[in-house]
Amino acid sequence: MRRHDHHDTLLFFQGLIEGGQTATILTQDGRFGELDLVHYVLKFADPDLDNPTDAQIERAARLAAPPTRNQFYFPFGRDIAESTARIDESVTVTGEPQPFVLLSPANRHKAENVRKKIFNMAQWWRTAGQPSSLLHISLGLDKRFAGGLLTFASYQSQWREITKVNGKTPRNVSHQLSEQKRLWTDLLKQMRADPTNTQRYLILPAPGEGMQVVEPIAGQEFLDHDPALYTTPVIRHEQYLKWLKLGQQAQS
């Protein structure tokens with residue numbers, strides 16, 4: 001039996017890494033930010049189950065058929081470096097495809113404004129004489145959410161934790177959180193429906209399921225996967241720029 005039997009949305013993919021792009025994206029789980037993306041063109045997809053239903057097999061086959069097969073990306077990160085995968089290599093991975101949108105410039109601006117409103121809603125709490133340690137944590141949460149590193153749900157649950165008084169979330173904080181949630185949920189709905197955005201899929205590899213290179217290209221140039229090089233968006237982006245060059249070096 002495979003480990004993922006309880007999880008009927010996991011798929012086993014094989015495909016080709018075709019390149020990359022940096023884009024402003026909004027994910028289904030509410031992450032928003034500029035993300036370095038690795039473009040992955042599917043050769044095939046199978047449900048990661050022992051006895052998939054016909055519907056599950058058909059859904060996987062549809063994803064791997066044109067034009068959808070060209071619409072997949074990985075978020076660039078340390079896992080890509082660890083896998084040694086480079087542009088023009090064929091790789092397999094088990095993961096879950098999650099719809100996301102590439103935002104048009106006008107919509108990126110709109111999303112930034114909504115996020116600014118959400119941040120401003122917490123100003124009253126910040127100016128109410130909080131200890132500096134809590135202020136520091138709250139600014140860190142905003143930074144991570146702004147960097148596209150936190151889903152909206154985890155951003156809110158961590159805010160709920162730091163604002164508790166005697167183990168309870170004060171009513172005015174609960175009110176603020178639900179107002180923020182309404183704003184963000186409305187934005188997500190609008191952006192999914194807006195034809196000027198581009199709908200794509202992000203593959204999030206299953207925990208403990210590394211990417212495997214099945215058809216390597218020539219050359220021994222690989223990225224360093226020291227965790228320290230992937231801790232912030234800025235230094236991770238430097239690694240991404242190096243990674244984009246690796247495939248070109250191998251070909252030349």
Side-chain angles (χ1 to χ4, degrees), residues 2-4 7 9-25 27 31 33-49 57 59-100 102 148-149 198-231 233-252:
R2 297 201 205 182
R3 275 181 316 180
H4 301 302
H7 205 330
T9 53
L10 276 175
L11 296 168
F12 174 77
F13 296 103
Q14 182 171 342
L16 186 74
I17 291 186
E18 285 249 310
Q21 72 182 102
T22 300
T24 305
I25 76 164
T27 63
R31 275 186 291 184
E34 207 166 63
L35 216 60
D36 293 323
L37 298 169
V38 173
H39 187 203
Y40 185 55
V41 177
L42 296 190
K43 286 185 185 160
F44 66 81
D46 274 328
D48 190 43
L49 296 164
I57 292 167
R59 173 179 172 259
R62 270 201 310 275
L63 292 176
T68 320
R69 64 188 288 260
N70 286 309
Q71 296 175 2
F72 290 82
Y73 293 86
F74 297 113
F76 175 80
R78 183 169 170 247
D79 53 339
I80 302 271
E82 279 186 316
S83 73
T84 72
R86 297 170 296 187
I87 293 170
D88 285 331
E89 289 186 323
S90 199
V91 301
T92 59
V93 68
T94 299
E96 189 167 0
Q98 185 190 115
F100 75 96
L102 291 165
L149 301 177
T198 312
Q199 304 270 349
R200 293 289 181 260
Y201 293 93
L202 204 58
I203 297 177
L204 303 173
E209 295 280 352
M211 205 180 277
Q212 304 293 324
V213 177
V214 284
E215 289 169 26
I217 54 175
Q220 292 302 311
E221 290 292 313
F222 302 113
L223 269 194
D224 187 343
H225 55 78
D226 174 355
L229 297 171
Y230 299 87
T231 49
V234 175
I235 55 177
R236 192 176 62 225
H237 184 67
E238 284 171 15
Q239 289 301 106
Y240 177 67
L241 296 177
K242 284 181 191 166
W243 178 81
L244 287 175
K245 287 194 188 119
L246 288 182
Q248 296 161 359
Q249 285 166 355
Q251 288 164 336
S252 54

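One is the number of the first residue; the rest follow in order along the sequence.
- Among pairs with a residue in residues 61-77, those fulfilling side chain to side chain donor-acceptor pair (under 3.5 Å) read Q21-Y73, at least two apart in sequence or across chains.
- Inter-residue side-chain proximity for I80 and I17 is flagged as unmet; no heavy-atom pair is nearer than 4.5 Å.
- Rounding to the nearest 0.5 angstrom, the gap separating the OH atom in Y240 from the CG atom in L223 is 11.5 Å.
- The shortest heavy-atom contact between L202 and F100 is N-CD2, 3.4 Å.
- Scanning for side-chain hydrogen bond (donor to acceptor under 3.5 Å, both in side chains) contacts around T84 gives an empty result, with sequence neighbours left out.
- For the pair L244 and I87, the tightest heavy-atom approach, listed with the atom from each and the gap, is O-CD1, 3.7 Å.
- By the side-chain contact (heavy atoms from CB on, under 4.5 Å) test, E215 pairs with Q14, K43, S90, sequence neighbours left out.
- The heavy-atom pair separating A85 from M211 by the smallest distance is CB-SD, 4.1 Å.
- Every residue two or more places apart in sequence or in another chain that forms a side-chain hydrogen bond (donor to acceptor under 3.5 Å, both in side chains) with T22 is listed here: D36.
- Taking every heavy atom of both residues into account, L63 and L11 meet most closely at CD1-CD1, 3.5 Å.
- The heavy-atom pair separating A60 from P47 by the smallest distance is CB-CD, 3.9 Å.
- Closest approach of E34 and T24 over heavy atoms only: OE2-OG1, 4.1 Å.
- Atom CD of E96 and atom CZ of F13 lie 9.0 Å apart (nearest 0.5 Å).
- Considering F76, Y201, F74 as possible partners of Y40, the one that fulfils the ring pair (Phe, Tyr, Trp, His ring centres under 6.0 Å) test is F74.
- Within the model, atoms CD of E221 and CG of L246 stand 6.5 Å from one another, a figure rounded to the nearest 0.5 Å.
- Counting only heavy atoms from C-beta outward, the side chains of L37 and L102 approach each other to under 4.5 Å.
- V91 places a side-chain heavy atom less than 4.5 Å from the side chain of V213.
- Interatomic distance, OG1 of T198 versus CD1 of I25, reported as 12.0 Å (0.5 Å rounding).
- The structure places CD of Q98 at 10.5 Å from OG1 of T9, a figure rounded to the nearest 0.5 Å.
- Not counting sequence neighbours, Y230 has no partner by the ring-ring contact (aromatic ring centres under 6.0 Å, His included) test.
- Residues forming a side-chain contact (heavy atoms from CB on, under 4.5 Å) with H225 (at least two apart in sequence, or on another chain): R78, A81, E82.
- Rounding to the nearest 0.5 angstrom, the gap separating the OG1 atom in T94 from the CG atom in D48 is 4.5 Å.
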